[in-house]
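When reading the values below, keep in mind they use all heavy atoms of this one structure, side chains included, and skip hydrogens, waters and symmetry mates. Counting convention: from 1, in listed order, for ligands and their atoms alike.
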Amino acid sequence: MLLHVRLSGWACWCLFSGVFSVFSLQQRLTVNLNGKWRLSNSNGSLLLPAQVPGCVHSALQQQGYITDPYFRFNDVSYRWIALDNWTYTTTFTLSAELSVKQKVLLVFDGVDTVGSVSLNGIAVGKTNNMFCRHDFSVKDLLKDGENVLQVGLLSPILYASEQRKAHTSYVVPPECPPGVQKGECHVNFIRKEQSSFSWDWGPSFPTMGLWKGVRLEAFDILQLVQVSSVPLYSTSHLILITNLFLGINGYQVKLWWPNGHGEQPFYRLTIRGFQDEFLIFKYPPQVYFRTVELIQEPVVGSPGLSFYFRINGKPIFLKGSNWIPVHSFQDQVTPDVLKNLLQSAVDANMNALRVWGGGVYEQDLFYEICDELGIMVWQDFMFACAMYPTETDFIQTVREEVVQQVQRLKSHPSIIIWSGNNENEAALATDWFDIPASQRPKYIRDYVMLYVDNIKKLVQEEDQSRPFLVSSPTNGAESEQEGWVAENPYDPHYGDVHFYSYILDCWDWRTFPRTRFASEYGFQSWPSFSTLQPVSIKEDWSYGSNFTSHRQHHEDGNQQMILQTALHFHLPNATDPLKRFTDTLYITQVMQAQCVKTQTEFYRRSRSEIIEGKGHTMGALYWQLNDIWQAPSWSSIEFGGKWKMLHYFAQSFFAAVFPVAFEEDDTLVIYAISDLSRDLKLRVNVFSWTELDPVCTLNSSMLLVPGGSAVAVFKQPVASLLAGCGNCTRLTCLLTFQLEDDSSQQGPTNYHFLCSPKDAQGLRRPNITVKVEEKKTCFSVTLHSDSVAPFVWLDVGNIPGRFSSNGFLMVSRNRTVDFNAWRPTSVAELTASLTITSLRDIY
Ligand code: BMA
């Protein structure tokens, strides 16, 4: 039985508690069934212990039946695992207290995926959706003494293929992933992490297992299932409910703010239940107060509609990235890994992440950390890059999934939007799957039925406190006008846009769409050698090796990286094969960092203006934050947590106060971008590639840069700027610039090259010496250089940790950065491991 409770404490704020269900007179009893189970395959040839929560792959590896699934080509070698059926078995003894309870539920927080559950040989129920919790009533099946619990799991590959075969009336594309992904087919027929059958950044490991907790819950009459609450702001409500006590007084609530805009205070909401004057239940959740609105309204001087988020009434530019599953085997995602990734996002000045729809609804801890750190979450539902069946069974399980997930997650202030799917509107609109014109209406009907008539409707019944968007990218309100599938969902005048171009020159900002909101864009790079080394052997360490092409899951990806790099950089030409390989890894990271920097700067500077009817950009979420394994991808953080050069760059290009430069018709323009209101002036230093002292310096006068704006603070034709500065030419000089107030520098220093570095005249191979010292809480690394050095990259191999800054342009003789190690190390070990690479070292 479910009890719906509404409560509020203030005239203006109502706290709508969602589902909570109820409690028992006597104490509720929980018996944890996690831990060591037995696992066997279909013909019984394999029988091994298996940890729950866990999965078959992890169990096989832990017991030594297979080696690291991420090693070399093992994703293909271990394909047999997911083609077999597996059974998990455990036994438990019924306690006396439990056997006297009137009701006993067998609860699975998550079964991956197609399972039949039996207790003492009698069927209890079936599962077919890894995103659902299952509660089976088992009181009558329990016996005194030993009980045997069994979960049989079908091969997800064979199940998906059978579902596909049974669906004879029309095709639900895509049938299979592209060959380069070496994946499995028909993942859209199974409610399971869509990227587990392979993706363009990830391997095919169709997992099977009990991926979340298992327990018995026993009670007599009623039991609490879930407490959730959402704050709603209203000027007309005043609802008071007795026996529900909000642990603060007064009318002025402290608001939750995104990172960089304020604090993240919370209150404790104490809920107590009484029966016959006895306290029978007490629950103290954390509650937060904030409002969120998605503003889509006419924009002066621009056709279309705005698309931005207002938090607590304040328009906020979303700065961040896209989140994919952290590991193929979710049981291996530890709290430390989650914390490190989310802290890395905040440390790079991000305030938002999009939980992308081809992965999983993340675990509770993920959202708790986001609440605490002020990370806004754009939460997709788990549908991506495909059409989906709409048979009754499928819709029914999706409905269950949606209701459960919204109830589980809606209390988190970090979630600011629900979004129905990833790229499925675009897939239909721009015909990714060659659907014959005559059949199009049917597919559109199915699309609307799934995401609008079912998902959207259910979400809005459960949660009125945040916006719902049907897809990403989408034209939002305009897509709705056009029947939910817009003619061009990539229209920059509406909604959000995903934009990728690997061929066009990424240093040319004219190639980027001036969209209202950039929710995906990016470039690939390779992870560092220390990340690849444990999963490869010597013969793999060249750019042309089988391994290098095996790990690349994006068609022509390795070649695209080289072509994009070659537009502005010399390619590595070392004769030593290993050096050539590591130099290539390095230069792909330089290319990626520089490309995403240019594009993000373009979006940030477009926030305050309309040019040719386009602009007012209010979000830049690059693709992608993290990696699922050690392979080339769009990520800024490598598998294992090591920051790529891009992530160090993000620290700067997402800074609250930041200057950006670009050229328009040979005129240099510099904008001051600020999330904060400040009086700022600009200092520009012109350097020659040959000298470590500026050739000349220019200063602008003080100007008020209002909070949340991008303002032009400098404009001068490049020719006249250079003419006034010694013998500078485009090929011999470069610029650095920074914002300052009366007393100090505000925000990071930025730079602008006047030519491609491959054409730079006078750029010498620097002699950089280094000194590592131990400080109280970290190590300091002091560099001394004898000449200008672009993209200086410090690497301490497999010593895990992070530098305070890296990949920088060195235009001073000395520079000190800190290194925070994540395990004990020493000056000697660091000094021995440290390599320093800058651009001139690779050719
Ligand atoms: C978008 C994403 C992902 C993909 C990425 C890079 O399409 O939504 O599907 O991994 O681009 O191709």
Side-chain angles (χ1 to χ4, degrees), residues 173-174 176-183 187-188 193-204 320-326 328 352-360 378-388 417 419-433 451 469-474 489-490 495-504 506 512-513 515 517-527 551-561 564 588 592 595-596 599 619-629 631-637 639 644 646:
C176 296
V180 66
Q181 288 180 202
K182 297 162 274 283
V187 71
N188 47 347
E193 177 189 319
Q194 298 291 282
S195 60
S196 67
F197 277 38
S198 82
W199 212 262
D200 60 2
W201 36 255
S204 172
S321 187
N322 285 268
W323 176 275
I324 62 157
V326 173
S328 291
L353 290 174
R354 169 169 172 252
V355 176
W356 166 79
V360 295
W378 171 314
Q379 179 66 49
D380 279 2
F381 285 89
M382 295 301 133
F383 302 87
C385 304
M387 302 292 104
Y388 285 87
I417 188 166
S419 179
N421 65 69
N422 175 70
E423 298 186 342
N424 299 354
E425 179 184 345
L428 260 180
T430 58
D431 198 19
W432 292 5
F433 306 124
Y451 302 108
L469 209 58
V470 175
S471 189
S472 172
T474 181
Y490 298 98
D496 66 325
V497 168
H498 297 185
F499 177 79
Y500 295 93
S501 164
Y502 309 112
I503 310 294
L504 300 173
C506 78
F512 308 132
T515 161
F517 194 108
S519 46
E520 275 191 27
Y521 57 97
F523 295 83
Q524 281 201 337
S525 71
W526 273 84
R551 302 299 266 216
Q552 174 57 268
H553 279 201
H554 166 67
E555 196 73 58
D556 295 331
N558 286 347
Q559 216 207 335
Q560 283 164 356
M561 276 186 264
Q564 182 64 243
T588 64
Q592 178 200 33
C595 287
V596 177
Q599 197 164 353
L621 308 179
Y622 65 76
W623 186 266
Q624 69 202 62
L625 181 79
N626 53 315
D627 258 343
I628 198 166
W629 71 336
S633 86
W634 296 255
S635 79
S636 62
I637 303 180
F639 181 81
K644 286 181 176 174
L646 170 57

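- Contacts with ligand 1 closer than 4.0 Å are made by side-chain heavy atoms of Cys385 only, the backbone lying farther away.
- A donor-acceptor pair shorter than 3.5 Å cannot be found between the side chains of Trp323 and Ser321.
- Side-chain contact annotation: Ser471 with Glu425, donor-acceptor N/O pair under 3.5 Å absent.
- A donor-acceptor pair shorter than 3.5 Å cannot be found between the side chains of Ser635 and Asn626.
- By the 30° and 60° cut-offs, the orientation of the rings of Phe517 relative to Trp378 is tilted.
- Here the heavy atom of the protein found nearest to atom 7 (O) of ligand 1 is Glu423 OE1, 2.7 Å.
- Cation-pi geometry between Arg551 and Trp629 is satisfied (NZ or CZ under 6.0 Å from the ring centre, within 45° of the ring normal).
- For the 3.5 Å distance criterion, the side chains of Glu423 and His498 qualify, holding a donor opposite an acceptor.
- Which parts of ligand 1 touch Asn422 is read off a 4.0 Å heavy-atom cut-off, strictly below it: atoms 8 (O), 9 (O).
- Residue contacts with ligand 1 leave out His498, since none of its heavy atoms falls under 4.0 Å from the ligand.
- Taking atom 11 (O) of ligand 1 as the reference point, the nearest protein heavy-atom neighbour is Tyr500 OH, 3.1 Å.
- At a 4.0 Å cut-off, not a single heavy atom of Gly358 sits close enough to ligand 1 to count as contact.
- Side chain to side chain, Trp526 and Asn558 meet the donor-acceptor criterion of an N or O pair below 3.5 Å.
- At a 3.5 angstrom cut-off on N or O pairs, Trp634 does not count as close to ligand 1.
- Considering only non-hydrogen atoms, atom 8 (O) of ligand 1 lies nearest to Glu520 out of Gln194, Gln524, Gln624, Glu520.
- Backbone and side-chain nitrogen or oxygen atoms of Trp201 are examined, and one is located within less than 3.5 angstrom of a nitrogen or oxygen of ligand 1.
- Scanning all protein heavy atoms for the shortest distance to atom 4 (C) of ligand 1 gives Asp200 OD1, 3.5 Å.
- Remark: the Asn421 side chain and the Tyr388 side chain contain no N/O donor-acceptor pair separated by less than 3.5 Å.
- In this structure, atom 9 (O) of ligand 1 lies nearest to the protein heavy atom Trp199 NE1, 3.0 Å.
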